[in-house]
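Written below as structure tokens is the structure these notes are about.
Numbers restart at 1 for each chain; the letters A, B, ... are given by sequence-line order, proteins then strands.
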Protein chains: 2
Amino acid sequence: MTVGIRDVARAAGVSTATVSRALGRGPVSDALREQVEAAVRATGYRPNLSARRLRSQAAQTIGLIVADIRNPFFTAVSRAVEDAAFAKGMRVILCNTDEDPAREAMYLRLMEEERVTGVIFAPTGAAADSLRAEPPAFPVVLIDRAGPPGAHDSVVLDNPAAGAGLVDHLVGQGFSRIGGLFGSTSSTARERRAGYEAAMARHGLEPSSRTVAPNAATAEAAAARWLAESDRPEALVLSNGLILMGALRAARTLGLRVPGDVALAGFDNEPWTDLVEPGLTVVEQPVDEIGAQAMRLLFERIAQPDQPVRKVVLSGRTVLRGSTRRG
Amino acid sequence: MTVGIRDVARAAGVSTATVSRALGRGPVSDALREQVEAAVRATGYRPNLSARRLRSQAAQTIGLIVADIRNPFFTAVSRAVEDAAFAKGMRVILCNTDEDPAREAMYLRLMEEERVTGVIFAPTGAAADSLRAEPPAFPVVLIDRAGPPGAHDSVVLDNPAAGAGLVDHLVGQGFSRIGGLFGSTSSTARERRAGYEAAMARHGLEPSSRTVAPNAATAEAAAARWLAESDRPEALVLSNGLILMGALRAARTLGLRVPGDVALAGFDNEPWTDLVEPGLTVVEQPVDEIGAQAMRLLFERIAQPDQPVRKVVLSGRTVLRGSTRRG
DNA sequence: AGGTTATATGAAAACGTTTTCAGTCATCGC
DNA sequence: GCGATGACTGAAAACGTTTTCATATAACCT
């Protein structure tokens, strides 16, 4: 029914081995190569990638495991990863974990069954630990969240510095009662919080931080509760784009002016953050470079499996806008 | 090196056939099934999906081909598709075409080589035509853009009605010089434009529409040019979320008030559209249902390959906000 | 010329499963 | 008590490639 390499070989009057070599890179005379190519066109042959992968033991596939593709940060990184992968002739399997350790474990098992070439992974804290305890059969590059050091290559933002930078900026603007609302599941949020708290201490200020599930809905609820308290903070540091959006929405709902009643500073320079009044101060992450560097680390790890673990730390760029302007 | 089904069979003291049956659904006695499961645990066996796919001739994979995952509409649809696919034990291969016919053709060929179970595809006009001319080996469900009727199952928005609805609303608000800025590559944009023009004609108004490459940057440039003209329109209909964003940005840059100087109405109820002053009037697409319906059509097509072609038309929901309020 | 090396090709093995096919054993109906 | 039926199980074939291995031919070197 379906045309296979034997049919092409018969049509070209050669062996299947020659067809295989002509299609890949193998020593084949120009004459035969042309015969084969003509036969391929004539028969409409399409190689069967499953068979190819099975025999050659090279899946040419990388797994990309993120929390939720709808988070614009992951959307952008995914696009960069996919471009790099397809450019190298590789497929990408994208998986959404919703920050659920059970789903993370399931997808990691799936990646083993696919015999993937490698995996790029933004793990929860739980997954990072178990990944360290029992390293999988394939190379892993962690993105966004590094977890405990030393186990896997990773590319992350300099989160403590970014968190501290936002505090410094706010303090410079004259704010002192600065709260922090951070995601509860990732090491990234923990690091940003650490940077926040260190900077507050450095300025002799009292840190006041809370954690929340990293999605816009619960963040909005938490922020609304906080901002309705009598001693609400003058400014809020928000640990990612979703939480920032939730906080802004809470402020709007409560009728609080930004930055008059409460200043906001967050992460992820999404396209809408400069369209919303008065513009949101954010730390921009180099999303394309995060994806590209992750692919680079992955391929270098594949080429040299025993080289020491590497951690690429990228700096964020603080984009100052109206939401943190004093007065 | 790597543990295969033969190792499991040896450890369990049974044949590979029995292991295969115990792991899948086959007639195996409870005693042997338990032996096999114990052996799987003991050996750490992971089935090789390439081998499984090759032998069983079932890839359990669907292709999802969209213009750009960074377009929030496609992001949301992708997530819905992936959830549905993984729930059915299928993998998803995501491809970004950037509206480039050459890349579309390349990815379609890739899908054939993967022997995918089916494909969900948002094609450009060019691809829709060639798809109709030479139908591929796998079932295809078109989303967002149906192309010429009759060739493939599809699930689309009622674009003419949505485009007309925005015009009706604007006219109801007292606007009459209403321009339209539409994407240049998709049938969707053409349909929305047709709805716009029909509605304008119905109201006895002069339509004035332009087309632009569907991305925020070029849309902003085109809108800025248009809004700088002396006889600029009082209101603008924008054919998708990216173009809407570009238009808003152009208005801001030119110092035009919305809706005072120019009213804006567009598509895609993205989270930021109600955060930006004065809130943007948009047609919300049922993104989750589009993804779910596409998967449903695909599976029903697989089950019954010869059933007549079906087209699911979903209604948009017009969300009225300040950007179209008169006065 | 004669042997050595390089190059191109084909036959067949191999990749790791699922599935066919044939068989074993127990149960059942009469 | 005996053929028929049914439920499990194992041996081996099959899926469609790539890769080894062996061979033939051509090219090269002394």
Side-chain angles (χ1 to χ4, degrees), chain A residues 1-37 39-40 43-61 89 91 109-117 137, chain B residues 1-37 39-40 43-61 89 91 109-117 137:
Chain A
M1 191 60 210
T2 157
V3 26
I5 202 174
R6 330 178 53 101
D7 305 291
V8 177
R10 197 173 312 124
V14 299
S15 71
T16 61
T18 299
V19 175
S20 175
R21 283 189 275 250
L23 264 39
R25 43 169 177 72
V28 181
S29 66
D30 291 350
L32 285 195
R33 169 163 275 126
E34 268 187 37
Q35 285 181 42
V36 168
E37 284 167 0
V40 165
T43 56
Y45 168 70
R46 292 280 180 276
N48 182 319
L49 292 185
S50 289
R52 176 174 293 178
R53 284 198 268 259
L54 171 59
R55 172 60 233 216
S56 66
Q57 301 285 76
Q60 303 284 73
T61 300
R91 255 70 60 205
R109 185 160 52 245
L110 174 63
M111 294 303 107
E112 294 196 348
E113 299 187 353
E114 292 279 1
R115 304 294 194 272
V116 292
T117 312
Chain B
M1 190 62 209
T2 158
V3 28
I5 202 174
R6 328 179 54 101
D7 304 292
V8 177
R10 197 172 313 122
V14 299
S15 71
T16 63
T18 298
V19 175
S20 175
R21 282 189 277 250
L23 264 40
R25 43 170 178 72
V28 182
S29 66
D30 291 349
L32 286 194
R33 169 164 275 126
E34 267 186 37
Q35 285 180 41
V36 169
E37 285 168 359
V40 165
T43 56
Y45 168 70
R46 291 282 180 274
N48 182 317
L49 292 184
S50 290
R52 175 174 292 178
R53 283 197 267 259
L54 171 59
R55 170 61 232 215
S56 66
Q57 301 285 74
Q60 303 283 74
T61 300
R91 253 69 60 206
R109 185 161 53 245
L110 174 62
M111 296 301 109
E112 294 196 350
E113 299 186 353
E114 291 279 1
R115 303 293 193 272
V116 291
T117 312

Original post:
Does B:R21 make a side-chain donor-acceptor contact with the base of D:dG10, cut-off 3.5 Å?
Top reply: yes
**OP:** Report the distance from atom CG of B:D7 to atom C1' of C:dG16, rounded to the nearest whole Å.
**Re:** 11 Å
Original post:
How about A:R91 and B:L110: do any of their side-chain heavy atoms sit closer than 4.5 Å?
Top reply: yes
Original post:
Among D:dT18, D:dC8, C:dA8, which is the nearest nucleotide to the side chain of B:P27?
Top reply: D:dC8
Subject >> Integer-rounded Å distance: D:dA11 C1' and B:I5 CD1 >> reply: 14 Å
Original post:
Which nucleotide in the list C:dT9, C:dT19, C:dC15 gets nearest to the side chain of A:L54?
Top reply: C:dC15
Original post:
Heavy-atom count around B:E113 CD within 6.0 Å, excluding the residue itself: above 12?
Top reply: yes
**OP:** Would you indicate, yes or no, if C:dT17 has its OP1 or OP2 atom less than 4.0 angstrom from a side-chain nitrogen or oxygen of B:T16?
**Re:** no
Subject >> pair A:Q60-A:R52: side-chain heavy atoms closer than 4.5 Å >> reply: no
Original post:
Are B:V14 and B:V36 side-chain neighbours, meaning at least one heavy-atom pair lies under 4.5 Å?
Top reply: yes
Original post:
Over how many whole Å does the gap from A:Q35 atom CD to C:dA8 atom P extend?
Top reply: 15 Å
Original post:
Does OP1 or OP2 of C:dT17 have a side-chain N or O of B:S56 closer than 4.0 Å?
Top reply: no
Original post:
Taking atom P of C:dT17 as reference, at what distance in whole Å does atom CG of B:L49 sit?
Top reply: 9 Å
**OP:** Nearest-nucleotide wise, let me know which of A:V28 and B:Y45 is further upstream toward the 5' end of DNA chain C.
**Re:** A:V28
Subject >> Any A:Q57 side-chain N or O less than 4.0 Å from OP1/OP2 of C:dG16 >> reply: yes
Original post:
Does a side-chain heavy-atom distance below 4.5 Å link B:L32 with B:R21?
Top reply: no
Original post:
Is the shortest heavy-atom distance from the side chain of B:R115 to the side chain of B:Q57 under 4.5 Å?
Top reply: no
Subject >> Nearest-Å distance for atom pair CG/P, residues B:N48 and D:dC15 >> reply: 18 Å
**OP:** Would you indicate which nucleotide in C:dG10, D:dT17, D:dA11 comes nearest to any side-chain atom of B:S15?
**Re:** D:dA11
Original post:
What nucleotide among C:dT9, C:dA11, D:dT17 has an atom nearest to a side-chain atom of A:L32?
Top reply: C:dT9
**OP:** To the nearest Å, give me how far apart CZ (A:R46) and C1' (D:dC15) are.
**Re:** 20 Å
Subject >> Rounded interatomic separation in angstrom, taking CD from A:E114 and P from C:dG16 >> reply: 16 Å
Original post:
So what does A:R33 hit on the nucleic acid, given a heavy-atom distance under 4.0 Å: a base, only sugar-phosphate, or nothing?
Top reply: nothing
Original post:
For D:dG10, does OP1 or OP2 lie under 4.0 Å from any side-chain N or O of B:T18?
Top reply: yes
Subject >> D:dT17 base / A:R55 side chain donor-acceptor hit below 3.5 Å >> reply: no
**OP:** Identify which nucleotide among C:dT9, D:dG16, C:dT19 has an atom closest to any side-chain atom of B:S20, counting heavy atoms from C-beta outward.
**Re:** C:dT19
Subject >> Interatomic distance, B:E113 CD vs D:dC15 C1' [rounded to whole Å] >> reply: 17 Å
